[in-house]
Amino acid sequence: MTGLSDSFQRPINYLRISVTDRCNLRCIYCLPPEGVDLISRREILSYEEVYTIARAAAELGINKIRITGGEPLVRSGLPRLIQMLAQIEAIDDISLTTNGTLLGSCAAELKQAGLRRVNVSLDTLKQDRFELITRVGSNLDQVLEGIEVARAVGLNPVKLNTVVMSGINDDELLDFAAKTITEGWHVRFIELMPVAGEGGTAPRFVSASEMRKRLEQLGELESCLPSIGNGPAKYFRFPHAEGTVGFITPISEHFCFQCNRMRLTADGRLRPCLLSDYEIDLKQPLRRGINSAGLKKLFTQAVADKPLRHHLAEGYVPKQRPFSQVGG
Ligand code: SAM
């Protein structure tokens, strides 16, 4: 491994791969109410193509992969991809971000294929709100069961991602936080990013410092070492709690200067920053027969072009794609 770094000397070792733009939920903060155009199936990378890109990336210095979407578990045969990626020697951590609705039935197979960990997005513990936030009549119990099955089969630590929205689910902050004490959950509260739909408007925003203040009703939050993750969250613990409370602050305290990630979209574009439209196409070169050296050159170019930081605070919102295509 040579080690990969961008033009600001940030080490880059993490690739998030979106395997589909399809999702079985329609979360209000992620997708606009009118929906989005879907990428045609033949434009979506095959598992073999994903593997080829991941192998080239690993030879450059990528050693962590996260599978995301859309909803990655709606794509059939995902354990086969996990198994292929797990065979790449330099990759030592494969994780998954999912809405959890389909997790219960495949967690064991994913674990066996080589998946290490899972993050489950869950914004409410109430069924009626689950329907409001996800815009579909899906069953919250299925997600809760998925979380328990994932923990039981050892996809640990299972982390929960909760986007906090004023007037929608911010009154559940304490309920989620209490689960870190009673159930040992690892809950990460995410600041709402203004990228889509009615959930993305400024009045819904709750800063992490405001969330923290409200959580103090449950006890004093003690800072923990970042051993639970190497991503952007800052972790805390209530005294004697087995689980942790994390805060992800893309707005109030962006973490771009520590960003170590690249993203591969479902249609094969390498995107250095979630919140910038800049991408380099890998799919066409791949389908025209580019060799591994050529692929690595394109990957290195995209890394070199990684922007220093996002500009959400200045009002810049990426225009070309919804999160469901990039893999939020
Ligand atoms: N379907 C999977 C899931 O639900 O986890 C993976 C894709 S989803 C786009 C990935 C993550 O992006 C989720 O944790 C979701 O909460 C987060 N996300 C999407 N839109 C967001 C927004 N406007 N602000 C903050 N987080 C957002």
Side-chain angles (χ1 to χ4, degrees), residues 4-6 10-23 30 36 38-75 77-78 80-88 90-98 114-115 119 231 259-288 290-307 310 318 320-328:
L4 196 57
S5 56
D6 70 5
R10 287 173 296 198
I12 305 295
N13 69 333
Y14 182 17
L15 179 63
R16 291 173 78 105
I17 301 175
S18 172
V19 292
T20 180
D21 61 330
R22 271 74 172 162
C23 189
C30 187
V36 290
L38 293 178
I39 300 171
S40 88
R41 286 191 194 273
R42 43 185 285 281
E43 298 305 325
I44 292 189
L45 293 182
S46 68
Y47 287 159
E48 285 67 26
E49 288 168 332
V50 171
Y51 170 78
T52 302
I53 293 170
R55 198 184 49 197
E59 285 170 16
L60 287 169
I62 295 291
N63 66 352
K64 295 187 191 317
I65 287 179
R66 175 170 294 277
I67 304 296
T68 178
E71 171 47 42
L73 297 182
V74 302
R75 180 151 175 189
L78 193 69
R80 183 168 77 84
L81 175 66
I82 304 286
Q83 207 166 27
M84 290 162 76
L85 297 175
Q87 279 161 18
I88 302 174
I91 301 297
D92 53 33
D93 186 28
I94 305 176
S95 57
L96 173 82
T97 297
T98 171
L115 189 72
N119 289 2
C259 185
N260 61 348
R261 45 187 78 172
M262 297 290 287
R263 293 165 191 272
L264 180 64
T265 66
D267 58 349
R269 286 160 188 272
L270 198 56
R271 189 165 166 126
C273 172
L274 172 66
L275 297 164
S276 151
D277 285 311
Y278 174 78
E279 298 173 343
I280 282 188
D281 183 27
L282 299 185
K283 184 187 65 206
Q284 291 311 329
L286 201 58
R287 291 188 180 174
R288 284 196 209 108
I290 196 171
N291 62 17
S292 171
L295 203 52
K296 284 196 251 182
K297 202 167 157 198
L298 288 176
F299 202 99
T300 309
Q301 179 63 53
V303 169
D305 292 342
K306 187 172 166 70
H310 72 67
Q320 285 167 12
R321 290 172 183 272
F323 266 23
S324 57
Q325 284 185 10
V326 185

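Note that the structure is predicted; figures quoted are calculated from it, not measured.
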With sequence neighbours excluded, tell me which residues meet side chain to side chain donor-acceptor pair (under 3.5 Å) with [X].
X: E43; value: K283
X: E71; value: T98, N99
X: T265; value: D267

Residues two or more places apart in sequence or in another chain: which of them pass side-chain contact (heavy atoms from CB on, under 4.5 Å) with [X]?
X: P11; answer: none
X: N119; answer: R66, T97, K159, N161, R188
X: D305; answer: Y278, I280, Q301
X: S46; answer: E48, E49

Hey, could you give me the [atom1]/[atom2] distance between [X] and [Y], rounded to the nearest 0.5 Å?
X: L282; Y: T52; atom1: CG; atom2: OG1; answer: 11.0 Å
X: Q284; Y: I290; atom1: CD; atom2: CD1; answer: 11.5 Å
X: M262; Y: I12; atom1: CE; atom2: CD1; answer: 7.0 Å
X: T20; Y: L73; atom1: OG1; atom2: CG; answer: 11.0 Å
X: L115; Y: L96; atom1: CG; atom2: CG; answer: 5.5 Å
X: L295; Y: T300; atom1: CG; atom2: OG1; answer: 9.5 Å

Give the minimum heavy-atom separation between [X] and [Y], together with the two atoms involved.
X: S18; Y: G70; result: OG-N, 4.3 Å
X: I67; Y: P72; result: CG2-CB, 3.9 Å
X: A54; Y: L85; result: CB-CD2, 3.6 Å
X: I82; Y: G114; result: CG2-C, 3.8 Å
X: L15; Y: A57; result: CD2-CB, 4.3 Å
X: L270; Y: A302; result: CD2-CB, 3.7 Å

Contacts of K306 meeting salt bridge (Lys or Arg N to Asp or Glu O under 4.0 Å) (sequence neighbours excluded), chain-then-number -> none
For R10, enumerate each residue passing the salt bridge (Lys or Arg N to Asp or Glu O under 4.0 Å) test, keeping only those at least two apart in sequence or located in another chain.
D6
Run the numbers on L45 and I17 for side chain to side chain contact (heavy atoms under 4.5 Å, CB included), then give the verdict.
CA-CA 10 Å; L45 293 182; I17 301 175; over 6 Å; no
Do R55 and I91 come within less than 4.5 Å of each other through their side chains, counting heavy atoms only?
no
Do the side chain of R75 and the main chain of V19 share a donor and acceptor less than 3.5 angstrom apart?
yes
